[in-house]
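Quick note on labels: first sequence line is chain A, next is B, and so on, each numbered from 1. Predicted, not measured: the structure shown is a model, and the values here were computed from it.
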Amino acid sequence: MLKRQKVKELLDSKTAQEKVLLKGWVRTRRDAKDFSFVEINDGSCLKNIQVIANNNLNNYEDVKKLTTGSSVAVEGALVESKGGSQKYEVVAESVFVYDYADEDFPLQKKKHTDEYLRTIAHLRPRTNKYGAAFRVRSTLSYAIHKFFQERGFRYVHTPIITGSDAEGAGEMFRVTTLDMENPPKVAGKVDYKQDFFGKEAHLTVSGQLNGEMYAMGLGDIYTFGPTFRAENSNTTRHAAEFWMIEPEMAFADIFDDMDCAEDMVKFITKYVMDNCAEDIELFAKFVDPTLMETLNTIVNNDFARITYSEAIEIMKKSDFKFEYAPEYGIDMQTEHERFLAEVHFKKPVIVRDYPKEIKAFYMKLNADGKTVAAMDVLVPRIGELIGGSQREEHYDVLVQKIKDMGMKVEDYDWYLDSRRYGSVPHAGFGLGFERMMMLITGITNIRDVIPFPRTPNSISF
RNA sequence: UCCGACUUAGCUCAGCGGUAGAGCAAUCGGCUGUUAACCGAUUGGUCGUUGGUUCGAUCCCAACAGUCGGAGCCA
């Protein structure tokens, strides 16, 4: 029996072939006098393959009814094309129609807006742009695993349901099996002792605290999984469900952390450029004309490295008109981050040593007593791509920081154990996977780099 | 959550105080090794919802809803 070949294999074929079998979806059909051109795409690559269906086919009438979106199997000869736009085409000996797409198939042979395609997110992978985006998403995921695995990092699956209200990284989604209409109550309050886990449970906002524990056993680890934030944020850069990569390295300081982050961003960018060249080309052509320049800048240059106070000084000295004046002690605004990466350095920048007041409790207090060993990687257009830090490894300092920030020490009992039993310096960071996707494709809305995005008031599909 | 813009045919949009138009799509026909093919015809809309102003509202006003953009939160 004839083995099916993907469109990519056929177009990459070294020679013409007498007999091939291909399967896919019709992108467009053009009728000529005695035959039809049918363009088939199967998702294996951006390009379609052109099929010549002559009117001597016994079901030629069926071929002439093929609409955009219909599914077919074609047997025939792979021959060099007489037309100019493609190397090969397939002259059909038989065309089997799996299914006709109804005439109200919403994808037309024209450009659709991203807003419209979002309303048909279940069908948009059949378009050129979204096909390319999600091929890139797959390759980018692989590149991340490849980067860490090749460097001896272990992949840790941290829990998605969590009982700790730990990190304070944002509002959390509650997980419960209680009857919401009529929950059990004690003294007027919901009695979570009767809930599934016997206490309150939520979807994770970060795997970091769990990841740190595994770094204390396995050495270097990384997590790569879904993360959830119940924040009511309506921006092009936030989703309620997104994927995060969180490496954690034992015996590492903030400089090791920055090196790792920079190496990783460069590696995965290069990997996608090399392995999704055709798809990236589409984005450079139709989505962001400056994309190639941006990607080359990332791959070919050292990232700028400055401290938070230096960043504030740079911004104060510039005559750039900020909506919010940069001031030491306040967290950087989106416009500040973008100024540094886009306007001042024109390449990725790593800012470190932030005032302790504006950063999380687990970050290591620097010798000055005022700043913490935190670092953010800022990139053009996106702003913050990565946030990381060296962790506070001293038990007493960490306990004091927990108290200072008004949190309960007993909630962090298990976490504090790591500082009691063989504590070591360690560091890690979090990379928002979708933000990396946006950086690498030039797509400006996070909703367009997630197959089925979840944002406030939006959970169709 | 705050600020702003938008909401007219399946899609992208134009329009105007006197109840609507184009391109594309779809359907039918024609022509052609075409390639977002081309040419012709046809079909297709209670102009987001509710209220108000007016002789009369798709158009002006208000509220609400939805979408988009910016901000905050962050990844």
Select base, sugar-phosphate, or nothing to describe what [X] touches, counting heavy atoms under 4.0 Å on all strands.
X        : result
A/Phe433 : nothing
A/Phe37  : base
A/Asn232 : base
A/Glu384 : sugar-phosphate
A/Thr235 : base
A/Leu431 : nothing
A/Ser36  : nothing
A/Ser81  : base
A/Glu241 : nothing
A/Arg27  : nothing
A/Glu434 : nothing

Nucleotide [N], atom [atom2] - distance to [atom1] of [X] in whole Å:
X        : N     : atom1 : atom2 : answer
A/Glu171 : B/G72 : CD    : P     : 18 Å
A/Tyr324 : B/G70 : OH    : C1'   : 10 Å
A/Asp31  : B/G30 : CG    : C1'   : 12 Å
A/His336 : B/A71 : NE2   : P     : 12 Å
A/Gln333 : B/G70 : CD    : P     : 15 Å
A/Ile446 : B/C73 : CD1   : P     : 17 Å
A/Lys33  : B/C39 : NZ    : P     : 20 Å

For this session: Check whether the side chain of A/Gln50 and the base of B/U34 form a donor-acceptor pair under 3.5 Å.
Result: yes
With [X] as the cation and [Y] as the aromatic partner, state whether NZ or CZ is under 6.0 Å from the six-membered ring centre and within 45° of the axis.
X        : Y        : value
A/Lys111 : A/Phe286 : no
A/Lys401 : A/Phe361 : no
A/Arg151 : A/Phe267 : yes

Exercise. Salt bridge (charged side-chain N to carboxylate O under 4.0 Å, His left out) between A/Lys359 and A/Asp376: does it pass, once the steps are laid out?
Worked result: CA-CA 11 Å; A/Lys359 288 290 179 184; A/Asp376 287 347; 3.2 Å; yes
For this session: Nearest-nucleotide wise, let me know which of A/Lys111 and A/Thr334 is further upstream toward the 5' end of RNA chain B.
Result: A/Lys111
